[in-house]
Amino acid sequence: MKAVNIALPKGRLGEKVYEMLRNAGFKCPEINKSDRRLIFESDDGLLRYFWVKPSDVPIYVERGAADIGIAGKDILLEYNPDVYELLDLGIGKCRMAVAAKCDFRDSSERTLRVATKFTNIARNYYESKGRDIDIIKLNGSIELAPILGLSDVIVDIVETGTTLKENNLEPIETVVPISARLIANKASCKFFQEEIQNIHEALRTQCEEK
Ligand code: PRP
């Protein structure tokens with residue numbers, strides 16, 4: 001029997017999902033023994049786990065290198081991969097928000113300078129509001145941009161709000177709520193229909209028990 005390949009996002013979220021799958025019976029004790037190895041098979045040979053950079057999960061799933069995976073809604077909205085979204089796991093909750101310096105006053109007469117890693121989400125959001133923006137694509141430490149005058153606002157993930165607060169920024173608008181999703185490759189859903197259905201059910205039950 002062929003194992004179902006699942007791409008888990010490296011980090012706390014992926015570990016939490018592994019715990020859920022372990023509780024549902026897809027055990028793989030080896031997984032806790034190494035933080036360098038990237039591929040692990042469950043004891044029963046039914047699941048093969050890959051640890052993947054979170055933003056790469058949809059690429060593996062879309063191209064079929066992984067049959068299923070766990071990705072944040074932020075990544076799905078940004079890259080719009082051609083995959084099925086099967087389940088909202090209700091974990092990894094945060095929000096995509098617009099934030100600015102506490103004394104920022106917007107003026108619709110000016111083009112708004114927006115720094116972000118999530119250029120598509122930001123563009124779609126402001127387009128829906130009919131607002132002209134100048135996107136400044138950054139890859140990290142986005143909070144620096146308004147402080148140094150590189151941008152007027154940022155569009156970024158806010159979880160506890162601590163990062164904003166510690167940099168004297170404040171959230172001014174919520175763009176969209178975010179949580180982790182189970183996604184699946186379209187062809188794999190036919191080929192592994194029953195197996196994926198079982199994993200889907202197992203995760204759904206684990207979510208409900210939380
Ligand atoms: C995100 C985001 C903020 C931080 C917000 O970064 O870019 O910096 O989390 O969290 P808080 O509201 O709880 O302070 P993340 O840790 O995902 O890493 P990244 O900088 O690589 O995106």
Side-chain angles (χ1 to χ4, degrees), residues 6-20 31 35-36 38 49-62 66 69-81 83 85 87-104 106 112-126 128-129 131 133-183 203 207 210:
I6 176 166
L8 291 182
K10 240 181 171 176
R12 245 182 336 155
L13 176 64
E15 284 162 20
K16 222 174 191 174
V17 174
Y18 169 66
E19 293 296 304
M20 293 165 91
I31 221 165
D35 56 2
R36 293 283 177 188
L38 299 173
Y49 295 99
F50 303 157
W51 290 115
V52 168
K53 189 179 157 97
S55 53
D56 288 344
V57 168
I59 301 172
Y60 282 81
V61 175
E62 183 176 40
I70 305 295
K73 185 68 181 174
D74 52 332
I75 305 295
L76 299 177
L77 288 170
E78 181 63 23
Y79 298 107
N80 198 19
V83 296
E85 193 180 309
L87 179 68
D88 181 348
L89 295 171
I91 57 174
K93 281 191 180 173
C94 52
R95 62 188 169 121
M96 188 66 64
V98 181
K101 287 205 304 193
C102 302
D103 59 3
F104 171 70
D106 197 5
L112 192 67
R113 294 170 307 152
V114 181
T116 188
K117 236 188 324 198
F118 301 92
T119 53
N120 291 326
I121 293 177
R123 199 172 286 117
N124 291 341
Y125 177 66
Y126 283 105
S128 74
K129 290 166 60 116
R131 182 73 201 265
I133 60 166
D134 176 11
I135 294 249
I136 300 155
K137 157 92 172 146
L138 294 177
N139 298 300
S141 302
I142 317 292
E143 295 82 4
L144 275 174
I147 299 170
L148 301 181
L150 178 63
S151 75
D152 300 307
V153 299
I154 63 173
V155 168
D156 201 12
I157 285 172
V158 178
E159 190 179 350
T160 59
T162 310
T163 310
L164 291 181
K165 206 175 279 168
E166 294 201 349
N167 290 291
N168 296 317
L169 302 176
E170 61 182 13
I172 50 180
E173 287 159 51
T174 293
V175 176
V176 65
I178 304 291
S179 56
R181 309 295 162 105
L182 171 65
I183 58 171
L203 283 174
C207 293
K210 269 196 311 106

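Just follow the structure's listing: the first ligand is 1, and inside any ligand the first atom is 1. Just so you know, these numbers come straight off a predicted model, no measurement behind them.
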Can Arg181 and Asp88 be counted as an ion pair, charged N to O under 4.0 angstrom? yes
Nearest heavy atom to atom 22 (O) of ligand 1, choosing from Met96, Glu166, Lys117, Glu159, belongs to Lys117
May I ask you to list the atoms of ligand 1 that are less than 4.0 angstrom from any heavy atom of Val158? 12 (O)
Show me which atoms of ligand 1 lie under 4.0 Å from any heavy atom of Glu143. 3 (C), 8 (O)
Just by distance, no angles: are the side chains of Tyr79 and Glu62 close enough, under 3.5 Å, to form a donor-acceptor pair? no
Judged on heavy-atom distance to atom 14 (O) of ligand 1, which of Leu13, Thr163, Asp74 sits nearest? Thr163
Does the protein put a heavy atom less than 4.0 Å from atom 18 (O) of ligand 1? no
Hey, are Asp106 and Arg131 close enough for a salt bridge, meaning a charged N less than 4.0 Å from a carboxylate O? yes
Pairing residues for Glu19 by the side chain to side chain contact (heavy atoms under 4.5 Å, CB included) criterion, not counting sequence neighbours: Arg22
Looking at Glu143 and Lys165, is there a salt bridge between them, counting it only when a charged N and a carboxylate O are closer than 4.0 Å? no
For ligand 1, which atoms have a heavy atom of Thr162 less than 4.0 angstrom away? 12 (O), 14 (O)
Structural part of Asp156 in contact with ligand 1, heavy atom criterion under 4.0 angstrom: side chain
shortest atom 13 (O) of ligand 1-to-protein heavy-atom contact is with Thr160 OG1, 2.5 Å
Check ion pair Lys117-Glu78 (N to O, under 4.0 angstrom): no
Might you check, step by step, whether the distance between atom 8 (O) of ligand 1 and some protein heavy atom is under 4.0 Å? yes
Please determine if Ile157 has a nitrogen or oxygen closer than 3.5 Å to a nitrogen or oxygen of ligand 1. no
Say whether, by atom type as modelled, one donor and one acceptor occur between the side chain of Ser151 and the main chain of Val114 under 3.5 angstrom. no
Counting from 1, what ligand 1 atoms have a heavy atom of Gly161 closer than 4.0 Å? 11 (P), 12 (O), 13 (O)
More than 12 heavy atoms of other groups within 6.0 Å of Lys137 NZ: yes
